[in-house]
A.B. asks: 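Okay, here's the structure, questions in a sec.
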Number of protein chains: 2
Amino acid sequence: MYEQLRLDNQLCFRIYTASRLLTQAYRPLLEPLGLTYPQYLVMMVLWEKDNQLVGDICQRLRLDTNTLTPMLQRMEKEGLVIRTRGIADGRQTLVSLTRKGHHLEEQAKEVPSCLTRGMQDTGVGPEDLQRLAATLDTLTGILETKKEGQH
Amino acid sequence: MYEQLRLDNQLCFRIYTASRLLTQAYRPLLEPLGLTYPQYLVMMVLWEKDNQLVGDICQRLRLDTNTLTPMLQRMEKEGLVIRTRGIADGRQTLVSLTRKGHHLEEQAKEVPSCLTRGMQDTGVGPEDLQRLAATLDTLTGILETKKEGQH
DNA sequence: TATATTTGCATCGTGTACGATATAATTCAA
DNA sequence: TTGAATTATATCGTACACGATGCAAATATA
């Protein structure tokens, strides 16, 4: 029995579990909007700035096109976005919000507070979350750098 | 533009990204062992204690049978585990390591250190990781409690 | 003890993730 | 300028996740 292989010693398992449970916590809030959690992320990117290329969204969410293209196709079928091919560069695909997609922001703006409200009086204070975010940013930065180095 | 909908303000997005990047970081280390990251988690559970029920593994990893059953079936096909139905209780399925599955622990024991080594001299110290783990545990605990309350 | 309920696991359908490959448009180079 | 490399997306195959449903074994209840 190797101590380093104990599940309880695995940071990655904690992050993996927290990620899944958080996504599950979002589900009942996003279901009324007809969004999955990854789709909600795409919407946030587009609400910040409309008319972005697939590649822009990829970069922002750190996802590849093989994940995003099918997702954007489903979102287009749902009438949330429109995909337009070849404007300046014929290879690019521009993703734009539909009116429906725009309007969804009004309903979505309540979602984040629903979750942070649930964090109150739980032993996890705002400063803990702040520190958590900072450490995760550093960690992600490191992992991205290592990833670059592979190519 | 609602401030609370900015991607940069989303803790969940950070965790989601960190989780994916960490899993990606494990991939090249686990590929030689013929394991995916979730399968590696199952193996860790079984290395800690062999001969566990599907339900035990579910509870430990906080995954449901609809995820684990197909995964265990794949692992059985790979010759890592054996699934035995109905010992005391005919509904249960006992999951046991094969000799091959047991032997894999020897190779796997190097995996964790490969990753922690990569964390050295990066600005993220052991105490940061410790605190990160603690906060995630609390967070996960809260999310689990909320989840219970839904039933 | 016959029936209803619960339990443990399996199956199904949909939606991500992601490596590998394909394809068409653009750019580079000889 | 034409063929080679590059780039931006798309497609394909496999493996999770997870809600919903199915099913047989065990348990509870009348």
Side-chain angles (χ1 to χ4, degrees), chain A residues 13 16-28 30-31 34-42 52-59 61-78 80-81 83-95 143 147 150-151, chain B residues 13 16-28 30-31 34-42 52-59 61-78 80-81 83-95 143 147 150-151:
Chain A
F13 173 58
Y16 162 79
T17 302
S19 176
R20 284 194 310 106
L21 292 181
L22 265 173
T23 303
Q24 287 174 31
Y26 269 99
R27 200 180 309 276
L30 293 178
E31 199 172 34
L35 292 174
T36 65
Y37 181 70
Q39 289 173 6
Y40 172 63
L41 293 178
V42 171
Q52 295 200 56
L53 300 176
V54 171
D56 297 333
I57 305 175
C58 284
Q59 224 176 5
L61 299 181
R62 300 174 213 275
L63 285 167
D64 209 341
T65 57
N66 52 8
T67 297
L68 272 172
T69 296
M71 187 155 67
L72 290 168
Q73 286 168 347
R74 282 186 290 269
M75 293 172 76
E76 185 171 39
K77 208 184 291 180
E78 293 298 320
L80 298 171
V81 300
R83 300 183 317 135
T84 323
R85 193 90 202 228
I87 313 89
D89 188 326
R91 295 166 297 182
Q92 307 183 128
T93 296
L94 190 69
V95 183
L143 292 170
K147 202 175 153 189
Q150 309 232 335
H151 304 288
Chain B
F13 173 58
Y16 163 79
T17 302
S19 175
R20 284 195 308 106
L21 292 182
L22 264 174
T23 303
Q24 287 175 31
Y26 269 99
R27 199 181 310 275
L30 293 178
E31 198 171 34
L35 292 175
T36 66
Y37 181 71
Q39 288 173 8
Y40 172 62
L41 293 178
V42 170
Q52 296 201 56
L53 300 176
V54 171
D56 297 333
I57 305 175
C58 283
Q59 224 177 6
L61 299 181
R62 301 174 213 273
L63 285 166
D64 209 342
T65 57
N66 52 8
T67 297
L68 271 171
T69 296
M71 187 155 65
L72 291 168
Q73 286 168 348
R74 283 185 290 269
M75 293 172 74
E76 186 171 39
K77 206 182 296 180
E78 293 298 320
L80 299 170
V81 300
R83 300 181 317 134
T84 323
R85 193 89 202 228
I87 312 90
D89 187 325
R91 295 165 300 180
Q92 307 183 131
T93 297
L94 190 70
V95 183
L143 292 169
K147 202 173 154 189
Q150 310 232 336
H151 305 289

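The chains referred to below are lettered A, B, ... by the order of the sequence lines, with proteins before strands, and numbering in each begins at 1.
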A.B. asks: Which value, rounded to the nearest 0.5 Å, describes the distance between Ile57(A) atom CD1 and Leu72(A) atom CG?
C.D. replies: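 Rounded to the nearest 0.5 Å, the CD1-CG separation comes to 5.5 Å.
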A.B. asks: In chain order, what residues pass the ring-ring contact (aromatic ring centres under 6.0 Å, His included) check against Phe13(A), with sequence neighbours excluded?
C.D. replies: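 In terms of ring-ring contact (aromatic ring centres under 6.0 Å, His included), with neighbours along the sequence ignored, Phe13(A) is linked to no residue.
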A.B. asks: Within this structure, what is the CG-CZ distance for the pair Leu94(B) and Arg85(B), rounded to the nearest 0.5 Å?
C.D. replies: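 Going from the CG atom of Leu94(B) to the CZ atom of Arg85(B) covers 11.5 Å.
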A.B. asks: Measuring from atom CZ of Arg20(A) to atom CG of Leu61(B), what distance do you get when rounded to the nearest 0.5 angstrom?
C.D. replies: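 Arg20(A) atom CZ to Leu61(B) atom CG measures 8.0 Å (nearest 0.5 Å).
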A.B. asks: Residues two or more places apart in sequence or in another chain: which of them pass side chain to side chain contact (heavy atoms under 4.5 Å, CB included) with Asp56(A)?
C.D. replies: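 Expected list: Gln52(A), Leu53(A).
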A.B. asks: Could you tell me whether the side chain of Leu22(B) reaches within less than 4.5 Å of the side chain of Tyr16(A), counting heavy atoms only?
C.D. replies: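 Result no, sub-4.5 Å side-chain heavy-atom pair not found.
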A.B. asks: Judged by each residue's nearest nucleotide on DNA chain C, which is more toward the 5′ side, Leu53(B) or Asp89(A)?
C.D. replies: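 Looking at the nearest nucleotide for each, Leu53(B) comes out on the 5' side.
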A.B. asks: Counting only side-chain N and O atoms of Arg83(A), is one of them less than 4.0 Å from OP1 or OP2 of dA10(D)?
C.D. replies: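 Yes, such a contact exists.
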A.B. asks: When you check the phosphate oxygens OP1 and OP2 of dT9(D), does a side-chain N or O of Gln73(A) lie under 4.0 Å from one of them?
C.D. replies: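 For dT9(D), OP1/OP2 do not have a side-chain N/O of Gln73(A) under 4.0 Å.
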A.B. asks: Judged by each residue's nearest nucleotide on DNA chain D, which is more toward the 5′ side, Leu68(A) or Arg91(A)?
C.D. replies: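 Its nearest nucleotide being more 5', the pick is Arg91(A).
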A.B. asks: Please identify the 5'-most and 3'-most nucleotides of DNA chain C with any atom under 4.0 angstrom from a heavy atom of chain B.
C.D. replies: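 Contacts span dT7(C) to dG19(C), reading 5' to 3'.
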A.B. asks: Glu31(A) has an atom CD; how far is it from atom P of dG19(D), in whole Å?
C.D. replies: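 Nearest whole value for this atom pair: 9 Å.
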A.B. asks: Just the atom pairs and distances: protein N or O near nucleotides 14-18 of chain D's N or O, under 3.5 Å.
C.D. replies:
from, atom 1, to, atom 2, distance (Å)
dC16(D), OP1, Thr36(B), OG1, 2.7
dC16(D), OP2, Gln39(B), NE2, 2.7
dC16(D), OP2, Arg74(B), NE, 2.9
dC16(D), OP2, Arg74(B), NH2, 3.2
dC16(D), O5', Arg74(B), NH2, 2.7
dA17(D), OP2, Tyr16(A), OH, 2.4
dC18(D), OP1, Gln24(A), NE2, 2.7
dC18(D), OP2, Arg20(A), NH1, 2.5
dC18(D), OP2, Gln24(A), NE2, 3.4
dC18(D), N4, Asn66(B), O, 3.4

A.B. asks: Listed by chain and number, what are the side chain to side chain contact (heavy atoms under 4.5 Å, CB included) partners of Asp64(B), not counting sequence neighbours?
C.D. replies: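 Listed in chain order: Asn66(B).
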A.B. asks: Checking Gln59(A) now: which residues fulfil side chain to side chain contact (heavy atoms under 4.5 Å, CB included) with it, not counting sequence neighbours?
C.D. replies: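 Per chain and number, Gln59(A) pairs via side chain to side chain contact (heavy atoms under 4.5 Å, CB included) with no residue.
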A.B. asks: Determine: side-chain N/O of Thr93(A) to OP1/OP2 of dA10(D), distance under 4.0 Å, yes or no.
C.D. replies: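 Yes.
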